[in-house]
Amino acid sequence: MQTNFTPDQLADPMLEASEKALRACVHCGFCSSSCPTYNLLGDELDSPRGRIYLIKDMQENDKPASDTVVTHLDRCLSCLACQDICPSDVTYMHLIDGARLHIEKTYKRPRPERILRWLIGFSMPRPKAFAWLMRLAGLAKPFKAMLPGRLSSMVAQAPKVKTAGLSGRNDIFDAPNAKGRVALLAGCVQQAVGDHINMATIRLLNRHGYSVTLLRESQCCGAVNHHLGQESPALARVQANVEAWSTMMEQEGSFDAIIANASGCGTMLKDYGFVLRNEPLADKAANIAASTQDISEFLATLPPLDMTQPVSRVTYQAACSLRHGQGIIDQPLQLLLDAGFEVSQPANPNLCCGSAGSYNMLQPEIAAQLGDNKAAAIAKTEPEIVASSNLGCMVQLQERVEAPVVHLVELLDWASGGKKPEGVSGHD
Ligand code: SF4
Ligand code: SF4
């Protein structure tokens, strides 16, 4: 695609990255069939190609974001199915991230929208604040029908707070006769509502002979603010993490890997080098990015453990951030098969379930339709258990499918002698 940015515009690193992505696009439209919002709404402006044209016009002509641009870009899930399928390697992720920054700088949203986005950007990265909000939402659940539209759907899908795991614990979990050491990102929302996933991850890594150190300063990787276009808090979090983790590795020795068990966070960590590419911390950020592995990526390189789990039918729901964001497709399936589970996938596994970070709070109608479609596809596989690699997908699906929805590591932990995941019946 031809572009006409001026040299002054290209001095801005965000526009420089956009120009590179735009030039790579040959507007073939090959990506449209992979796009969940285009499939659902059938509007070219809700397809990747349509959004690319909107972004080009806005950025190249230095226009403030219009209502039309905001409507169609806000509907993008950042699922990256389009980037994954693109034959020209268009880095759509950096294009939409840059466009979101432009929107936040040039567009005044209605006050309720501003308050909601501020509340999400403030609370989700802070485990204690988020846990408190979710407890409040839990109390309001019986009255959800009396609440106005978006608030009602937010309350309806508020996850249960489960903070019994890491809270108050040491930050090092030694394996007996350890053969290596890894660092674990405990996450922000995950510490508030999914700490049992962190505990299962630690047990599993210890059983494989790896001591686990929790990353300090790691309340949040920055993805929540980054995807809302909230540049300052996102950058502050990324910089603080890179500084703290680099110091930790200098003082205490390096790790075999930095492990992420929430694939949305892993995708963000792997992009740290790009986010800080023009900052003094660029080299350190690139080192953190290169050291990061999803838990399934890391486990797939290790010799298998002895597994004792009787056969269960598991349907694996691939999180977009893992499948499209990190290109990790086969490893989780193979790990489940090696552990003795019967494994299926829903039809169209490339389509997003509608969770997408805070998307299901900001675009509840589209998110609900995508969630219902995914649940129907999962139901056809008749699972006893549904597994995913991302807490957001688990929360989105658990209200919609009959089978218990658990994290991949909970199943692998259980199969190798750990705790049976909550909600799973039989097979004692
Ligand atoms: S993003 Fe890729 S697949 Fe989509 S229109 Fe551009 S070149 Fe074609
Ligand atoms: S990121 Fe997902 S929702 Fe957004 S344009 Fe690409 S395929 Fe569509």
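The model shown is predicted, which means the values in this text are computed figures rather than measured ones. Start at 1 and go down the list; that is how both ligands and their atoms are numbered.
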Going by distance alone, is a donor N or O of one side chain under 3.5 Å from an acceptor N or O of the other, for Asn198 and Gln190?
-> yes
So, are Arg109 and Asp74 salt-bridged, with charged N and O less than 4.0 Å apart?
-> yes
Numbering as shown, the atoms of ligand 1 that approach Pro87 to under 4.0 Å (heavy-atom distance) | 3 (S)
What atoms in ligand 1 come closer than 4.0 Å to a heavy atom of Ser88?
-> 7 (S)
For Ser32, is the nearest heavy atom under 4.0 Å from an atom of ligand 1?
-> no
2.8 Å shell around atom 8 (Fe) of ligand 2, exclusive bound, protein N/O/S atoms = 1
List the closest protein heavy-atom neighbour of atom 6 (Fe) of ligand 1: residue, atom name, distance to the nearest 0.1 Å.
-> Cys25 SG, 2.4 Å
Can you name the residues that form a salt bridge (charged side-chain N to carboxylate O under 4.0 Å, His left out) with Arg181, not counting sequence neighbours?
-> none
Tell me yes or no: between the side chains of Gln369 and Asn373, is some donor less than 3.5 Å from an acceptor?
-> no
Indicate yes or no for a side-chain donor-acceptor contact from Arg51 to the backbone of Pro48 under 3.5 Å, with no hydrogens or angles considered.
-> no
Side chains of Ser388 and Asn390: do they bring a donor and an acceptor to under 3.5 Å?
-> no
Does the distance from a Lys or Arg side-chain N to an Asp or Glu carboxylate O, for Asp57 and Lys63, drop under 4.0 Å?
-> yes
Taking 4.0 angstrom as the limit, do Asp413 and Lys419 come out as a salt bridge?
-> no
Between Tyr210 and Phe298, does a ring-ring contact (aromatic ring centres under 6.0 Å, His included) hold up when you go through it step by step?
-> CA-CA 11 Å; Tyr210 284 85; Phe298 185 71; 5.1 Å; yes
Would you mind checking which non-hydrogen protein atom is closest to atom 1 (S) of ligand 1, with the distance to 0.1 Å?
-> Ile52 CD1, 3.7 Å
Identify the closest protein heavy atom to atom 5 (S) of ligand 1: which residue and atom is it, and at what distance?
-> Gly29 N, 3.2 Å
Do me a favour and list the nearest non-hydrogen protein atom to atom 2 (Fe) of ligand 1 with residue, atom name and distance?
-> Cys86 SG, 2.3 Å
Do me a favour and list the nearest non-hydrogen protein atom to atom 7 (S) of ligand 1 with residue, atom name and distance?
-> Val26 N, 3.3 Å
Gln396 and Asn360: side-chain donor and acceptor closer than 3.5 Å?
-> yes
With backbone taken as N, CA, C and O and side chain as the heavy atoms from C-beta onward, which portion of Leu80 lies under 4.0 Å from ligand 2: side chain, backbone, both, or neither?
-> backbone
Quick one: nearest non-hydrogen protein atom to atom 8 (Fe) of ligand 1, plus distance?
-> Cys28 SG, 2.3 Å
Using distance alone, with no hydrogens and no angle criterion, decide if Tyr272 and Asn287 have a side-chain donor and acceptor under 3.5 Å apart.
-> no
